[in-house]
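Below is one structure; the comments refer to it alone.
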Amino acid sequence: MSSSPCAVTFIGTGIMGSPMAEHLITNGHPLHVHNRTREKAKLLLEQGAVWHDTPESAAAASDTVITMLGLPADVEQVYFGQEGVGGILAAAKPGSLLIDMTTSSPHLAERISRAAEERGIEALDAPVSGGDVGARDASLVIMVGGRQEAFDRAVPLFEQLGKSITLLGPAGNGQRCKLVNQIAVAVGMVAWCEALAVAKAAGLDPSVAQGVISGGAAGSWGLTNLAPRALSADFKPGFLVRHLVKDICLAQEEADSHGVYLPGLEVARRL
Ligand code: NAP
């Protein structure tokens, strides 16, 4: 006998969260949603998701809660409440699984994991790579930190959102791997922007040059997926600049704590 898909709560229905939540609805999961701005959950509500006015009410409505927020401060507020009062850690049922897919601080992920354990709740940090395209295509790379048992429980959901799912160790290590990813993304972005600026200045058709070099040693996800958007002056946010700056700062903090000097990332941050 096959069991029906479990109810899931999704908090944070922005650029990434909306298409991710939509996959869960499409796959038959009853969905409970909350977002700071209700308007951004409209499409999900039209597809049958149930709206909650607060993160706490949404978290109490199911045993599995996914958060896809913007900044570490947003994560702290949603998990621990305003000035430490409320929050989904207090509202979630014992035995619940909380999965934070925001790109956030590894230390905050460790704090959430400890607080969850004290309350008999499981927590995972599971940030993603692959951009808005990956969220829409369910082809995200998912980097997970936390306990094996919690990971095993989350895998059937992750499989509906991504194509590469890896447990990297204890709480915080999903975020650490994502910061490693963001160092390569940010410094790589400087490289392909500079390359295409010279292509244009030198009288080459930059789109043709982009296509040609994408197939060689310079090829990268950003050059293939982001450069064509930049070249056609499509600057509709797929990934907000303030989020990349946040990631660069988190990555610099992590590198500093290990005494690793990152001159390339410093250039990317300044730009
Ligand atoms: P986004 O569009 O800003 O989505 C974040 C959502 O979280 C927003 O809708 C925001 O509400 C909501 N939110 C923030 N604080 C909240 C709170 N206290 N209570 C309820 N809702 C709250 O950003 P995004 O592009 O989806 O990115 C989400 C995360 O994934 C970020 O950490 C980002 O760095 C990371 N990421 C993004 C990409 C990408 O390509 N976009 C790729 C990989 C990873 P409002 O609507 O009111 O602002």
Side-chain angles (χ1 to χ4, degrees), residues 3-13 17 20-21 24 27-36 49-128 142-162 165-178:
S3 58
S4 49
C6 63
V8 177
T9 291
F10 209 105
I11 302 174
T13 56
M20 291 164 71
L24 300 178
N27 291 328
H29 292 273
L31 203 77
H32 297 267
V33 294
H34 170 75
N35 190 64
R36 188 169 48 198
V50 177
W51 172 257
H52 293 261
D53 283 334
T54 64
E56 290 83 359
S57 154
S62 75
D63 292 330
T64 309
V65 181
I66 298 177
T67 49
M68 190 48 150
L69 306 163
L71 308 173
D74 302 325
V75 175
E76 184 164 15
Q77 187 184 332
V78 165
Y79 278 75
F80 292 97
Q82 198 91 38
E83 290 167 14
V85 178
I88 63 173
L89 278 162
K93 292 180 235 170
S96 294
L97 172 63
L98 309 185
I99 307 168
D100 184 29
M101 304 190 81
T102 317
T103 302
S104 177
S105 146
H107 300 292
L108 180 55
E110 288 165 350
R111 232 181 97 204
I112 290 171
S113 171
R114 284 194 299 272
E117 201 176 335
E118 282 167 15
R119 294 166 169 79
I121 295 169
E122 292 279 11
L124 293 171
D125 48 298
V128 303
I142 306 178
M143 298 161 246
V144 190
R147 282 168 19 93
Q148 181 75 51
E149 292 79 355
F151 176 76
D152 293 343
R153 213 172 134 186
V155 164
L157 288 174
F158 290 152
E159 284 173 345
Q160 298 171 47
L161 307 175
I165 302 153
T166 310
L167 179 63
L168 290 131
N173 274 13
Q175 296 295 352
R176 289 190 176 90
C177 191
K178 171 66 184 181

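By convention here, the first residue in the shown sequence is residue 1.
Taking every heavy atom of both residues into account, Gly162 and Ile165 meet most closely at O-CD1, 4.3 Å. Contact record, Ala171 with Ala109: CB-O, 4.1 Å, taken as the closest heavy-atom pair. Across Ser57 and His52, no two heavy atoms sit closer than the pair OG-ND1, 2.6 Å. Here the closest non-hydrogen pair linking Arg176 and Asn173 is NH1-OD1, 3.1 Å. Scanning both residues, Pro30 and Pro5, for their nearest heavy atoms gives CD-O, 3.5 Å. Closest approach of Ile121 to Ala92, counting heavy atoms only: CD1-CB, 3.9 Å.
Between the side chains of Asn27 and Gln160, at least one donor N or O lies within less than 3.5 Å of an accepting N or O.
Within a 6.0 Å sphere centred on CD of Glu83, heavy atoms belonging to other residues, nucleotides or ligands number 12 at most.
Thr13 contributes atom OG1, which lies 11.5 Å from atom CE of Met68 (distance to the nearest 0.5 angstrom). Note: Glu122 CD to Thr64 OG1 = 11.0 Å, rounded to the nearest 0.5 Å. A distance of 12.5 Å separates CD1 in Ile142 from SG in Cys177, rounded to the nearest 0.5 Å. Considering CZ of Arg153 and CZ of Phe158, their distance stands at 11.5 Å, rounded to 0.5 Å.
Residue pairs meeting the salt bridge (charged side-chain N to carboxylate O under 4.0 Å, His left out) criterion with at least one partner in residues 89-101, sequence neighbours excluded, are Asp63-Lys93. Applying the salt bridge (charged side-chain N to carboxylate O under 4.0 Å, His left out) definition to pairs two or more places apart or across chains, none involves residues 50-62.
Between Pro94 and Arg119, the closest side-chain pair of non-hydrogen atoms is not below 4.5 Å. Between His29 and Leu157 there is a side-chain heavy-atom pair separated by less than 4.5 Å. Within the 4.5 Å cutoff, the side chain of Arg111 has no heavy atoms near those of the Tyr79 side chain. Contact annotation: the side chain of Leu161 never approaches that of Val128 to less than 4.5 Å [non-hydrogen atoms, C-beta and beyond]. With a 4.5 Å cut-off on side-chain heavy atoms, Ile99 and Leu97 count as touching. Annotation: side chain of Ile112 is not in contact with side chain of Leu98 (no heavy-atom distance under 4.5 Å).
Here the side chain of Asp125 pairs a donor or acceptor atom with the backbone of Gln175 at under 3.5 angstrom. At least one donor-acceptor pair closer than 3.5 Å links the side chain of Thr9 to the backbone N or O of Ala58. Counting only distance, with no hydrogens or angles, the side chain of Thr67 and the backbone of Leu69 share no donor-acceptor pair below 3.5 Å.
Under the rule for a salt bridge (Lys or Arg N to Asp or Glu O under 4.0 Å), the partners of Arg36 that lie at least two apart in sequence or sit in another chain are Asp74.
The side-chain contact (heavy atoms from CB on, under 4.5 Å) test with Ser105 is passed by exactly one of Thr102, Thr103, Leu108: Leu108.
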### Message
Pair His32, Phe10 - check side-chain contact (heavy atoms from CB on, under 4.5 Å), show working.
### Response
CA-CA 6 Å; His32 297 267; Phe10 209 105; over 6 Å; no
